[in-house]
There are 2 protein chains.
Amino acid sequence: MTKDGTADAAIPKGCPLDLVMRLLSGEWTTHILWVLSNNGPTRHGELRRRVEGISSKVLTDRLRMLEQEGVVFRDYEPTVPPKVTYGLTDHGRELDDALRSIHGIAERWG
Amino acid sequence: MTKDGTADAAIPKGCPLDLVMRLLSGEWTTHILWVLSNNGPTRHGELRRRVEGISSKVLTDRLRMLEQEGVVFRDYEPTVPPKVTYGLTDHGRELDDALRSIHGIAERWG
DNA sequence: TAAAGTAGGCACCGTTTGGTAACTAAGGAA
DNA sequence: TTCCTTAGTTACCAAACGGTGCCTACTTTA
């Protein structure tokens with residue numbers, strides 16, 4: 001307990017919603033999913049061009065997070081130069097549907 | 001254009017989804033909505049007790065954001081001491097439904 | 001008489017975040 | 001020969017974020 005009267009509980013939670021929200025809450029993340037959904041599997045370079053304004057660093061970072069949560073797959077072909085393609089998994093498509101429904105709701109709000 | 005090859009477009013967007021995600025992306029925000037949804041209209045103090053670990057500052061901050069977007073209402077009774085009650089608006093309940101659906105999806109993922 | 005609760009506001013401070021630039025190695029084009 | 005492309009990685013830096021403690025002014029409770 002702090003002087004504030006606040007309980008200083010660590011937030012273990014493990015709440016499923018919390019996990020997804022943390023995944024989505026970073027800058028650019030929903031934009032990336034949006035492009036992958038509209039464009040289908042896309043290579044790193046094109047993805048960077050389509051998500052206008054994102055840097056290579058952040059793009060890679062977000063893709064790694066999304067991959068780790070099983071929302072996006074990564075296909076690596078060890079050619080020279082390498083060809084890496086990213087796309088939505090089944091989970092990713094489910095999540096995208098949910099985001100589209102939120103989009104619709106917010107759109108109706110004006 | 002940066003040295004990176006990145007387009008340095010400002011992100012005007014005004015995308016409805018983006019707006020909602022920015023609203024929800026802060027720490028504690030979904031937790032607050034969750035409690036308001038389960039508990040009904042709640043005063044500041046009790047809200048702080050139910051959202052275990054949140055500080056008064058951040059709680060007020062989040063409530064102001066949610067109020068500004070019309071997701072939460074604020075009822076101020078100028079008694080002494082004042083009584084301030086927060087609750088979900090119609091928009092808030094819509095948003096909560098969407099979050100519950102995401103919760104359901106994520107829960108099924110294991 | 002002293003403590004606690006009411007709903008915050010304000011200042012300070014460390015951590016996290018995101019942006020920028022520079023670099024990799026090998027192939028293809030001007 | 002120099003530039004561009006592939007898919008990143010790394011270092012550096014400024015800004016944003018969130019946590020903590022202290023303050024108010026009045027009422028109720030111990």
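Note on naming: letters A, B, ... go to the chains in the order of the sequence lines (proteins, then strands), and numbering restarts at 1 for each one.
Counting heavy atoms from C-beta outward, A:M21 and B:L99 have side chains that approach closer than 4.5 Å. Residues A:S25 and B:E27 have side chains not in contact (no heavy-atom distance under 4.5 Å, counting atoms from C-beta outward). Proximity of B:D18 to A:H31: side-chain heavy atoms (C-beta onward) are nowhere separated by under 4.5 Å. Side-chain atoms of B:R64 and B:R74, non-hydrogen and from C-beta on, do get closer than 4.5 Å to each other.
A:R100 pairs by the salt bridge (Lys or Arg N to Asp or Glu O under 4.0 Å) definition with A:D96, not counting sequence neighbours. In this structure, the ring-ring contact (aromatic ring centres under 6.0 Å, His included) partners of A:H91, at least two apart in sequence or on a different chain, are B:W109. With sequence neighbours excluded, the residues satisfying side chain to side chain donor-acceptor pair (under 3.5 Å) with A:R50 are A:N39, A:E46.
Under a 3.5 Å cut-off, the side chain of B:T89 and the backbone N or O of B:G70 do form a donor-acceptor pair. Judged by distance alone, with hydrogens and angles left aside, the side-chain atoms of A:T60 form a donor-acceptor pair with the main-chain N or O of A:S56 at under 3.5 Å. Not a single donor-acceptor pair under 3.5 Å links the side chain of A:T42 to the backbone N or O of A:L47. A donor-acceptor pair under 3.5 Å is absent between the side-chain atoms of B:T30 and the main chain of B:W28, judged by distance alone. In this structure, the side chain of A:S55 does not engage the main chain of A:G53 through any donor-acceptor pair within 3.5 Å.
Checked against C:dA7, D:dA7, C:dT6, the side chain of A:R74 finds its nearest nucleotide in D:dA7. Among the nucleotides D:dT6, C:dT6, D:dT20, the one closest to any side-chain atom of B:S55 is D:dT20. Closest approach to the B:H44 side chain among D:dG8, C:dA7, C:dT6 is made by C:dA7 (side chain taken as heavy atoms from C-beta onward).
A donor-acceptor contact under 3.5 Å is not formed by the side chain of B:T60 with the base of C:dG8.
The distance from atom CG of B:L59 to atom P of C:dG9 is 11 Å, rounded to the nearest whole Å. Here the P atom of nucleotide C:dG8 and the CG atom of B:L63 are 8 Å apart, to the nearest Å. Distance B:R64 CZ to C:dC10 P: 11 Å, rounded to the nearest Å. Remark: P of D:dT20 and CD1 of B:I54 are 12 Å apart, rounded to the nearest angstrom. Protein atom CE of B:M65 is 11 Å distant from nucleotide atom C1' of D:dC17, rounded to whole Å. In this structure, the CD1 atom of B:I32 is 11 Å from the P atom of D:dG18, given to the nearest Å. Rounded to whole angstrom, the span from the CZ atom of B:R22 across to the P atom of D:dA16 amounts to 12 Å. Remark: P of C:dA7 and CD of B:E46 are 10 Å apart, rounded to the nearest angstrom.
A sub-4.0 Å separation between OP1 or OP2 of C:dA7 and a side-chain N or O of B:R43 is present. Between C:dG8 and B:R48, no contact under 4.0 Å exists linking OP1 or OP2 to a side-chain N or O. At the phosphate of D:dG8, OP1 or OP2 sits under 4.0 Å from a side-chain N or O atom of A:Y86.
Bending across the helix from C:dT1-D:dA30 to C:dA30-D:dT1, expressed as the angle between its end axes from five pairs apiece, amounts to 10° (10° rounding).
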Between the protein and nucleotides 24-26 of chain C, which nitrogen or oxygen pairs are less than 3.5 angstrom apart?
none

Can you tabulate the close N/O pairs, meaning under 3.5 Å, that link protein atoms to atoms of nucleotides 11-18 of chain C?
from, atom 1, to, atom 2, distance (Å)
C:dG18, OP1, A:E27, N, 2.8
C:dG18, OP1, A:R62, NH2, 3.1
C:dG18, OP2, A:R62, NH2, 2.3

